[in-house]
Every structure is written in structure tokens, then in C-alpha cells.
Amino acid sequence: MSKVWNFYAGPAKLPQEALQRAQKEMLDWEGTGMSVAEISHRSKPYDALHHEAMSLVSDLLGLDEDHHVLFLQGGASLQFAMVPMNFIPPGGSADYIMTGSWSEKAIKEAKIVASAREAGSSEADGFTRIPRQDELELDSGAAYVHLTSNNTIRGTQWRDFPETGEIPLVADMSSDFLWRPFDANRFSLIYAGAQKNVGPAGVTVVIVRKSWLEKANSNLPTLLKYSTHVNKDSLYNTPPCFAIYMVRNVLAWIQASGGLTAMEKRANGKAGRLYGVIEAHPDFYGCPVAQDSRSVMNVVFRLPSEELEAKFVSEAAAQGMMGLKGHRSVGGCRASIYNAMEPEGVEVLAQFMEQFAKKNG
Ligand SMILES: *Cc1c(COP(=O)(O)O)cnc(C)c1O
């Protein structure tokens, strides 16, 4: 098979090293003569792996003692419900900053279980930018402020997270978790479905401030309470062992590659190359996203017509560049270039874009 460059938005490309490690260990993991998918989650080797994965998240981000790493199931979508269930007190309300479909889904769940309000939105601009701090109208009594750090569909991304004072900050970081160093200790809760930037589908990484749990609602089903998972180190029931194993492989790769500083440098280089091509061909390519809000994970762009976009996507696929079609809700094209995407893959795409513009412009 010829070389394939995977630009899918999620599930998405995994680092070659993480996959090769899994391939090597598949039939005999840690000398057990079994694969990691076949042994008890109460066994010693699994327990060591589980805690290694937790420590890697913690070390990469420099988490303090008050922040606990969890591995949960149900995707980011279950977090849309668990966050309000646990943290909006009876009669209380939470603030949501609206930046596209994922924040809309998040607030929708919050409104089912409690009360929630919009504290800022870029909808009037078609979600093509991130709201500015001075546009936010925070409710000082809000249980928390929720934001989506990277908008996978719209291709927008927060650079500087907003100041929320005493109000706990919660973020859905599903599509840009661990792309750069940031002060994770500022957040009361972070969640990320693994399948975009840190692993395969099946596990959601959650970071929760333990002291905040003292305020959490307790009248919830056991599995829906964060405290259950904190108290049992995400081993209350059977965790998604294989997915966590793959996350560990990805985290170990990040660490061996120079950590989050190296990821950031690589990501800025890759995104800069693609936005550079778009800007160099203003009559052919267009990026709908405001300059200061452009995502380094999901680069969205338009061509002069939908016909040319379809041609672009199919010719790219014929040359091994997969997954460049934009999300069905917005159309256009999208190159998802998460941590695992090598700069070589972006270079291949950039050159294809230049040639395509020359031939079809
Ligand atoms: C993909 C995505 C989700 C949904 O994740 P699931 O794991 O499928 O529930 C939520 N938020 C963002 C920002 C996403 O990119």
C-alpha cells in the first residue's frame, strides 16, 4: 500500500510509535503471555499501566496535588451531562461561552438537568472567532463557566483563556488537549474525549479539582459522580483497559518527543505552513476564521465553489491524503493536524494545495 496521510478529525491519526509499540506488545504484554486487552484490570501489570498513564498526564501538565486525573467512558458527550449534574447546585445556574456546535450540545445537556445561560457568543459572526474577554457577561453567582477550547468543526481555538475570577472554569478540550503547555491548575475541570489528540475512542480524560468536589451534588447514580471515580482511581468498575493502554503509549511518545513545548512548536509550524498557502492564494483559498482565532489543530478553508471542493477532496484522497472534507454541518474543507501528524504530511498537503490552485485557479 502506498503512503497514506490521515487528516480525519476524529477518530484521528495516532503516533506511529504508539501503534508500533502496541503491535510489538500485542501477543505478549509485559511477559504475561497475554495481551493487555485480555487480563484483569485488578492485576498488577494493569494497575501499574493505569497509574503510569495518570502520572504521565499529571507530569506533562505539572498538575498540583489538588488535581486528579480520571479515565472515564461515555465520551465528551457524557461530560456535557455529568458536569452540570455534579456541579450546578439545586436552584443554581452555570455560564456557557458559545463558540459552535459542541458548546451548543454542552449547554443543551446542562439545561436538561439544571439551569444554564449564555455568557458570551460569537454566533452573530457565524462562530468564526473566539469571543473577547470584554464581550463576556459573567454571572458572579454561576456554578462555573464552561468553554470549548478548540472548535473542531469551525476551526477556531482559544489562545488566552478568559479570566473568570472566583468562578470555577471548566473546559471541553477534546480536540486540543495536550497540544501545548498551559496552566491546567487554573481549571476546576477539564475533559477530553481521547480520540482527537491523545488516543483511540473509548476513554475520556478528565482532570478535576478535588476540593471542588466538596461542593458537588451527592444524590446521583454512583457511576455519574466524579467522587466515585476519584476515590477509586477510575477503577470503580472495569475501565476501558485497551484504550487507556493506547493513551499511555501516546503520552509516553509525547514525553519522549520533548513534551508539550515540542508539541507546540511542531503544531505552530504545521498550521503556519497551511495558513500560509491559504493566504498566498487569496483568489482561490479562503479561511473563514478570524486571524487571531485560527485553530492550529483543525485548519478549515474554502475553495471558489463546492464543485472544486469536491474535486479537491477526491484528488487529494487519490494521492493518499484522507479525511479532508469539512464537517457536514458547515461544508468546505478541513485538515485536522493533531499532535500525531508529521510535518512531512502537512508539507505533502501544502504542495498539493499549491498545485491544485495553479491548475484550477
Ligand atoms: C469530538 C468532540 C466532542 C464529542 O466527543 P464524543 O467523545 O464523541 O462524545 C465534544 N467536544 C469536542 C470539542 C469535540 O471535538
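These numbers come from the heavy atoms of this one structure, side chains and all, not from hydrogens, waters or symmetry mates. Counting convention: from 1, in listed order, for ligands and their atoms alike.
With N217 contributing its side chain and I88 its backbone, the two residues share a donor-acceptor pair below 3.5 Å. At distances below 3.5 Å, at least one donor-acceptor pair connects side-chain atoms of D64 with backbone N or O atoms of H67.
When only modelled atom types and interatomic distance are considered, D172 and T148 share no side-chain donor-acceptor pair under 3.5 Å. In this structure, a donor-acceptor pair under 3.5 Å is absent between the side chains of D59 and Q255.
The aromatic rings of F87 and Y226 sit parallel to each other, their planes meeting at less than 30°, with 60° as the upper class boundary. Classified by interplanar angle (parallel below 30°, tilted 30° to 60°, perpendicular above 60°), the ring pair H229/Y236 is perpendicular. Under the 30°/60° scheme for interplanar angles, the aromatic rings of F352 and F356 are found to be tilted.
Looking only at protein heavy atoms, the nearest one to atom 11 (N) of ligand 1 is D172 OD2, 2.6 Å. For atom 15 (O) of ligand 1, the closest heavy atom belonging to the protein is T152 OG1, 2.5 Å. Protein heavy atom closest to atom 9 (O) of ligand 1, with residue, atom name and distance, is S77 OG, 2.6 Å. Closest protein heavy atom to atom 14 (C) of ligand 1: K196 NZ, 2.9 Å. Atom 5 (O) of ligand 1 has its closest protein heavy atom at A76 CB, 3.5 Å.
Between E135 and R129, at least one side-chain N (NZ, or NE/NH1/NH2) sits under 4.0 Å from a carboxylate O, which counts as a salt bridge.
Interface atoms of ligand 1 facing G75, defined by a heavy-atom separation under 4.0 Å, are 7 (O), 9 (O). Within the listing of ligand 1, atoms 13 (C) sit less than 4.0 angstrom from a heavy atom of T148. Each of the atoms 13 (C) of ligand 1 lies under 4.0 Å from some heavy atom of N150. Each of the following atoms of ligand 1 lies closer than 4.0 Å to a heavy atom of S174: 10 (C), 11 (N), 12 (C), 13 (C), 14 (C).
Neither the backbone nor the side chain of K105 comes within 4.0 Å of ligand 1, counting heavy atoms alone. When non-hydrogen atoms are compared, ligand 1 lies under 4.0 Å from the side chain of F80 (C-beta onward) but not from its backbone. Under 4.0 Å from ligand 1, not a single heavy atom of L78 appears.
The nearest pair of heavy atoms linking D95 to E137 is OD2-O, 4.1 Å.
Between Q73, M297, Q195, it is Q195 that holds the heavy atom closest to atom 7 (O) of ligand 1.
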